[in-house]
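Input: a single structure, listed below in structure tokens.
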2 protein chains.
Amino acid sequence: MPPKISSLTDHERPSVAIDLVLLTVRDRTLHVLLMRRPDQGETWALPGGFVRIADSIEATVERVLRDKARLPGAFVEQLYTFGAPDRDPRGRVISVAHYALAPAERLEDAVCASPDLTLAALVVAPDGAITATLPDGAAATLAFDHGAILAQAVQRLRGKLDYTAVGLELLPELFTLRQLQEAHEAILGAPLAKPAFRRKMLDRGFLRPTGQFETGGAYRPAELYTRG
Amino acid sequence: MPPKISSLTDHERPSVAIDLVLLTVRDRTLHVLLMRRPDQGETWALPGGFVRIADSIEATVERVLRDKARLPGAFVEQLYTFGAPDRDPRGRVISVAHYALAPAERLEDAVCASPDLTLAALVVAPDGAITATLPDGAAATLAFDHGAILAQAVQRLRGKLDYTAVGLELLPELFTLRQLQEAHEAILGAPLAKPAFRRKMLDRGFLRPTGQFETGGAYRPAELYTRG
DNA sequence: AGAATAGTGTCTCTCAGACAGTATCTT
DNA sequence: AAGATACTGTCTGAGAGACACTATTCT
């Protein structure tokens, strides 16, 4: 019997999980959805779940998105697979990390529906280190290597902003160019020039004007756009 | 006992493997290292191996690189994790795919040392589909989902060419700008303008002139550069 | 001398950043 | 009318592509 086949049956196998970095923008600040971990003291964790033997990775992500974050159908992309032998003290767990984006309202609904969820603001230090700040102002202690996963998700998102329409996933159906620019600025942590931002977005054809305008504002209403 | 803990012990666990897309440039064409699979008929596969329970993913990659491809220390980066339940007919195997780059000479040495290895040229069809062509001119039949893994590796490499010095990994210690340009052109499948290419490479500081010149050429010798 | 390639100078076009200006809405 | 914001026109500088030119080596 060739050794390759025997490896399938003989060797002890690790558990495989997925973890989800669910990001949104609220109050001009990037936020992440965290779950309370009662078994780990006052630490917080990214929503996650084990990959069952008959499920694909994508199906597992969708299940976690539905059951733990109550956000089926959000934008998701695979991020990186973390497999250090000691990353989870409970045993050997390899985690296929994903990041997901959703409008703030949808995440707020999810947080209201479950007392174990919270939205933590991401504060970027001058040296680039990221701190997740809980609503009470305290810094969240993250379980396992979830801090590293979070940092990598933010980095990936920043890189994708330049050449994709990924920022649109953070906004509701109809939005103004100012909202989109504020979302970009929140992710990049730096201000952007308005005229250049407008031209770039419109020239690329990622969005389409609707002819409708925002209401309720104190000043001149801006036009509403949608994905196009 | 909370359900999270029980998942670690109760559930049936998948096998986890790594697969390696080992790329190089030879004769102005991108090539990939393939292994013969006697148990799968006349099909070819990417070098790979199972992640042992106490090994990290990186250690597994290094082991495969050393034992199967005989190329320790090559440039490697994680690519994507493939986890469709039916991707391997022998059982449930989740594969963390990586891609690696090495100079052609080093890969040719590895191929000479092992009769189960070959270098297949990657021919890109007008529609973008990639065919691995064996030295005898026949198209290689790839095992499992290795065709999809290969395609994704090429796509990632193309994207990285623009903003990183990743092309240098494909060349020997000393190289000319023409060699570097030919490597880029082989990966992109399109010709590049010489002056623009020179300026970009030199301005970015990725490489450093050595003052030495190539020898044995039929015409004017070009200066040799190295990483810097 | 001629051929082939190495390497450079210059023009243009595109695009991002910056600034200032005009337009339109609310109070 | 005043004030605030939406939206636009224009200048400038950086960088890529195209082209032509000079430089150097071998036959």
Side-chain angles (χ1 to χ4, degrees), chain A residues 27-28 158-168 171-172 174-226 228, chain B residues 25 27-28 158-168 171-226 228:
Chain A
D27 305 332
R28 307 192 181 199
R158 280 185 185 146
K160 280 222 146 192
L161 268 194
D162 259 19
Y163 59 98
T164 63
V166 84
L168 302 182
L171 300 177
L174 296 176
F175 54 88
T176 67
L177 280 173
R178 177 177 43 78
Q179 289 177 302
L180 182 58
Q181 183 173 344
E182 285 176 359
H184 275 70
E185 290 173 336
I187 294 169
L188 296 173
L192 296 170
K194 187 165 69 169
F197 184 79
R198 293 182 65 87
R199 271 178 312 198
K200 188 158 82 172
M201 288 301 142
L202 293 173
D203 288 355
R204 297 202 176 172
F206 291 155
L207 34 82
R208 198 179 50 213
T210 63
Q212 304 176 60
F213 291 82
E214 65 178 342
T215 60
Y219 302 105
R220 172 176 175 182
E223 182 162 9
L224 293 170
Y225 290 79
T226 189
Chain B
V25 170
D27 306 331
R28 306 193 182 199
R158 282 185 184 147
K160 279 222 147 191
L161 268 194
D162 259 19
Y163 60 99
T164 64
V166 84
L168 302 182
L171 300 178
E173 193 71 25
L174 295 175
F175 54 87
T176 66
L177 280 173
R178 178 179 44 78
Q179 288 176 303
L180 182 58
Q181 182 172 346
E182 284 176 0
H184 275 69
E185 290 173 337
I187 295 168
L188 297 173
L192 295 170
K194 184 168 69 170
F197 184 80
R198 292 182 66 87
R199 273 177 311 197
K200 189 157 83 174
M201 288 301 141
L202 293 174
D203 289 355
R204 296 200 178 173
F206 291 154
L207 35 84
R208 198 180 54 214
T210 63
Q212 303 177 61
F213 290 82
E214 64 178 343
T215 60
Y219 302 104
R220 172 178 175 182
E223 183 164 10
L224 294 169
Y225 290 80
T226 189

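Letters A, B, ... are given to chains in the order of the sequence lines, protein chains preceding strands, and every chain is numbered from 1.
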Under 3.5 Å, side-chain donor or acceptor atoms of residues 209-219 of chain B against the rest of the protein: list the pairs with distances, not counting sequence neighbours.
from, atom 1, to, atom 2, distance (Å)
B:T210, OG1, B:Q212, N, 3.2
B:T210, OG1, B:L224, O, 2.6
B:E214, OE2, B:A222, N, 3.1

- Query: Once you build an axis from the first five pairs and another from the last five of the helix from C:dA1-D:dT27 to C:dT27-D:dA1, how far apart in angle are they, to 10 degrees?
  - Reply: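 The angle, to the nearest 10 degrees, is 10°.
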- Those residues that, when tested against B:E223, pass side-chain hydrogen bond (donor to acceptor under 3.5 Å, both in side chains) (two or more places apart):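 B:E223 satisfies side-chain hydrogen bond (donor to acceptor under 3.5 Å, both in side chains) with no residue once adjacent residues are dropped.
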- Message: Looking at every heavy atom in both B:F206 and B:Y163, which two are closest together, and how far apart are they?
- Response: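 Shortest heavy-atom separation between B:F206 and B:Y163 comes out as CZ-O, 4.4 Å.
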- Looking only at heavy atoms, what is the nearest atom pair of B:R28 and B:A186, with distance?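 Taking every non-hydrogen atom into account, O-CB, 3.5 Å.
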Atom [atom1] of [X] to atom [atom2] of [N]: distance rounded to whole Å?
{"X": "A:L224", "N": "D:dC7", "atom1": "CG", "atom2": "C1'", "answer": "15 Å"}
{"X": "A:K200", "N": "D:dC7", "atom1": "NZ", "atom2": "C1'", "answer": "19 Å"}
{"X": "A:D203", "N": "D:dT8", "atom1": "CG", "atom2": "P", "answer": "12 Å"}
{"X": "A:L192", "N": "C:dC19", "atom1": "CG", "atom2": "P", "answer": "15 Å"}
{"X": "A:F175", "N": "D:dA6", "atom1": "CZ", "atom2": "P", "answer": "15 Å"}
{"X": "A:L177", "N": "D:dT5", "atom1": "CG", "atom2": "P", "answer": "16 Å"}
{"X": "B:R178", "N": "C:dA4", "atom1": "CZ", "atom2": "C1'", "answer": "12 Å"}
{"X": "A:F213", "N": "D:dT5", "atom1": "CZ", "atom2": "P", "answer": "18 Å"}

With a 3.5 Å cut-off and sequence neighbours excluded, list the donor-acceptor pairs that the side chains of residues 190-202 of chain A form with protein atoms.
none

- Query: Atom NE2 of B:H184 and atom CD1 of B:I187: how far apart are they, to the nearest 0.5 Å?
  - Reply: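 It comes to 6.5 Å.
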- Say you draw a straight line from CD of A:Q181 to CZ of A:R178; how long is it, rounded to the nearest 0.5 Å?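 Between atom CD of A:Q181 and atom CZ of A:R178 there are 9.5 Å.
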Nucleotide N/O of nucleotides 8-12 of chain C paired with protein N/O under 3.5 Å:
from, atom 1, to, atom 2, distance (Å)
C:dT8, OP2, B:R198, NH2, 3.2
C:dT10, O4, B:R199, NH1, 3.4

- Partners of A:F175 by side chain to side chain contact (heavy atoms under 4.5 Å, CB included), sequence neighbours excluded?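 For A:F175, the residues satisfying side chain to side chain contact (heavy atoms under 4.5 Å, CB included) (neighbours in sequence not counted) are A:L168, A:L171, A:Q179, A:L180, A:L207, A:Y225.
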All N/O pairs under 3.5 Å across the protein-nucleotides 23-27 of chain D interface:
from, atom 1, to, atom 2, distance (Å)
D:dA23, N3, B:R220, NH1, 2.7
D:dT24, O4', B:R220, NE, 3.4
D:dT24, O4', B:R220, NH1, 3.4
D:dC26, O4', B:A218, O, 3.1

